[in-house]
Every structure is written in C-alpha cells, then in structure tokens.
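Note that these values count all heavy atoms, side chains included, but never hydrogens, waters or copies made by symmetry. Predicted model, so just to flag it, every value in this text is computed and none were measured.
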Amino acid sequence: SAARLVHFLDDMTLTEHRIVNVAAQVIAENRLRAYLPERLAIDALKLYTDEGYHAYFTAQASRTIRDRFALPVHDAPNPKIAALEALVAGVPAPRRDLAWFMVGFVGETMITKAIVDTMRATAHTGLLALLQAHLEDEWQHARYFAQLFGLVWPQLGAADKAFFGALLPTIIQAFHTWDEAFHRHLLVQIGLDGAAIERVLAQEGSETRRSAHMRNRCGNTLQVLERSGVFKQPALRTVFVQHGLLERDSARGGRAARAP
C-alpha cells in the first residue's frame, strides 16, 4: 500500500543519516586507523555524501506519495532508530567506534535485500527508477563495508571478537525492531475494529513472523561473516544459533537458518 511505501521510505531516510552516516563518519575521521588504511577512510567520505543524497531523494519521494494519496503524517518516534542508538550508547566508550562500524556493516549489507523486496511490490515506473539507482549505490556500499569487515575482524583480539561476535546478532535484531505503533496506526486508518486490530497485530508481530522476516533480510550479512571466519569459533556460532540466525549443523559448522 501507499502508506507502507511511505513508511519504508521514511525509515530509510532516517537510517541513512542517523545510523549509516554516523558509521561512515567514524571511518572517514580515521578513528579506526588501528585496523584500516587511510585510503579506505577517505573513501568513506564518498559514502557519506551518497547517503546524504539518498536521504534527500527518499524524503522527497515519501512526501510526493503522501501528498498524492492525502495520507496523514505519521511522525511517531522510529523504534528501530531508537533501538540501534541505545544499543551503541550501551557499549563501553573504548569500543564505541567499532560498535558504530559494526552497525554500519550490518545495515549496509542488509539494505539491498530490503530495496529489492520493495521494488518487487512496486509498479510505479518513476519510483522503480529511483529505487534502482539507490540499489546500485547500495551494492557498492555493501561491498565496501564487506571489504572493511574482512580487514577489521582478523585484527581483533580474542576479547574483542567475543564481544562483537555476541553484539552482531543483537544489531541484526535491532534493525528489525517491530514498529507496532505504525502498524496499529495503519489498521486504524483502514477501519478495522479494535478486536480485529489486536488479532492482526498478534499475528504480524509474532516472534515467528518477525524472525522469518529477519532471516530473509540478513543472508548477505551472514555470508560475509562466514567468509571472514566468524562462525569458525564455536562460541560465536552458538550465539547466532541461539538468536535463530544459524541452524545447528555439525558438519558445516552452521548455516543460515531458513525462513519458514
């Protein structure tokens, strides 16, 4: 629906400048110089610029659709953004820059799947062209963050690997924080009664449904983690299994859990 599309675009706008660009700023300011060469830090400035432009044109598209369909403004706080910012704020200060990097890595390696899913549900040619251009940039960003993760992870000490290995599935979950307020608002707008709203929210917001959605979106992220050797450590593999992101597989050491 138009309301869901506006919600997706608004969420992407906030994610670009409140989350991804904070991670890009950490890299661009060479605050990860212990792990990354300066030339890669400079490249983050281009990514920062790209994300600012993405935020601009997704915000424009959202407002155009909202005006076209006379949709009410839904300006409630975004629970995903709040969850991610709170997660990083809770990380000890010496590890906070790396935590922002991990958040940026997860976000940029998952966003491409979200855009593709939205394109499949969109028929408007102008919007498809916008999303296609965005997707092409995000593939570049995903490769950039995957390259950086492949450089950073082997250099981490055992304590940092244990800490961030446990943090990564929590970051993935935070990116999929359930926005019950938006869905309730949407159901009210289409005229469902209170009992029907509660039934729909219970179904759509169930742990099973949300876990399936999360696993569907994070396949690329898990592939990068596997290539980087994260799952070779039994304790870290176990953490991802416990979060429902990997299946138990003694032969291969863990594979992505399948969405039902």
Side-chain angles (χ1 to χ4, degrees), residues 3-32 41 43-66 73-93 95-115 117-118 130-131 133-135 137-142 144-145 148-149 164 167-183 185 210 213-214 217-218 220-221:
R4 286 184 181 275
L5 183 55
V6 167
H7 181 257
F8 172 77
L9 293 170
D10 288 345
D11 178 84
M12 193 155 50
T13 298
L14 282 176
T15 303
E16 303 285 22
H17 75 84
R18 290 264 298 270
I19 301 300
V20 178
N21 262 356
V22 178
Q25 184 176 346
V26 167
I27 302 166
E29 292 178 358
N30 209 22
R31 283 146 61 182
L32 300 181
D43 286 345
L45 290 172
K46 180 180 183 302
L47 186 146
Y48 188 96
T49 304
D50 287 346
E51 298 294 16
Y53 183 60
H54 292 164
Y56 170 73
F57 70 63
T58 53
Q60 276 197 322
S62 170
R63 281 152 182 74
T64 299
I65 296 167
R66 194 177 67 209
V73 176
H74 180 69
D75 55 1
N78 184 304
K80 181 188 83 174
I81 302 298
L84 288 164
E85 290 178 338
L87 184 64
V88 177
V91 171
R95 285 175 163 151
R96 204 162 292 152
D97 284 342
L98 270 175
W100 271 118
F101 167 74
M102 297 294 176
V103 168
F105 158 72
V106 169
E108 290 298 88
T109 52
M110 287 196 307
I111 187 61
T112 52
K113 184 63 169 63
I115 295 173
D117 288 347
T118 301
L130 181 149
L131 291 172
H134 193 170
L135 179 63
D137 281 348
E138 292 297 352
W139 275 121
Q140 296 291 335
H141 297 175
Y144 174 74
F145 267 98
L148 266 55
F149 186 88
F164 289 108
L167 188 68
L168 281 164
T170 307
I171 293 171
I172 293 172
Q173 286 187 324
F175 266 104
H176 295 89
T177 300
W178 168 243
D179 192 346
E180 181 176 324
F182 164 72
H183 288 88
H185 172 82
R210 289 188 291 115
H213 177 71
M214 177 175 66
R217 288 281 172 88
C218 70
N220 187 40
T221 307

If you compare all heavy atoms of [X] against all heavy atoms of [Y], which two are closest, and at what distance to 0.1 Å?
X	Y	answer
Arg217	Ala114	NH1-CB, 3.4 Å
Ala28	Ala44	N-CB, 3.7 Å
Ala55	Glu16	CB-CB, 4.1 Å
Thr109	Thr112	O-OG1, 4.2 Å
Gly104	Ala23	CA-CB, 3.7 Å
Thr170	Leu87	CG2-CD1, 3.7 Å

Exercise for review: Begin from the C-alpha positions of Leu135 and Trp139 and carry the test side chain to side chain contact (heavy atoms under 4.5 Å, CB included) through to its verdict.
Suggested key: CA-CA 6 Å; Leu135 179 63; Trp139 275 121; 3.6 Å; yes
Review point. Near Phe57 CZ, under 6.0 Å, is it more than 12 heavy atoms from other residues, nucleotides or ligands?
Key: yes
Within a strict 4.5 Å, meaning less than it, do heavy atoms of the [X] and [Y] side chains meet?
X	Y	result
His183	Trp178	yes
Phe149	Leu168	yes
His176	His213	yes
Leu84	Thr15	no
Phe175	Val103	yes
Leu9	Thr118	no
Phe101	Arg31	no
Asp117	Lys113	yes

Rounded to the nearest 0.5 Å, what separation is found between the [atom1] atom of [X] and the [atom2] atom of [Y]?
X	Y	atom1	atom2	result
Ile27	Phe105	CD1	CZ	11.5 Å
Met12	Leu131	CE	CG	6.0 Å
Lys80	Asp11	NZ	CG	3.5 Å
Ile111	Asp137	CD1	CG	12.0 Å
His7	Asp179	NE2	CG	4.0 Å
Glu108	Glu138	CD	CD	4.5 Å

Review point. Asp10 and Asn78: side chain to side chain contact (heavy atoms under 4.5 Å, CB included), yes or no, with the steps?
Key: CA-CA 9 Å; Asp10 288 345; Asn78 184 304; over 6 Å; no
Between the main-chain N or O of [Y] and the side-chain N or O of [X], is there a donor-acceptor pair closer than 3.5 Å?
X	Y	answer
Ser62	Thr58	no
Arg63	Ala59	yes
Asn21	Tyr48	yes

Exercise for review: Determine whether the aromatic ring centres of His141 and His54 lie less than 6.0 Å apart.
Suggested key: yes
Check your understanding: Would Gln140 and Tyr144 count as a side chain to side chain donor-acceptor pair (under 3.5 Å) if you check the C-alpha gap in whole Å, the side-chain angles of each, and the deciding distance to 0.1 Å?
Key -> CA-CA 6 Å; Gln140 296 291 335; Tyr144 174 74; over 6 Å; no
**Study point:** Evaluation steps, side chain to side chain contact (heavy atoms under 4.5 Å, CB included), between Thr13 and Arg18
**Key:** CA-CA 8 Å; Thr13 298; Arg18 290 264 298 270; over 6 Å; no
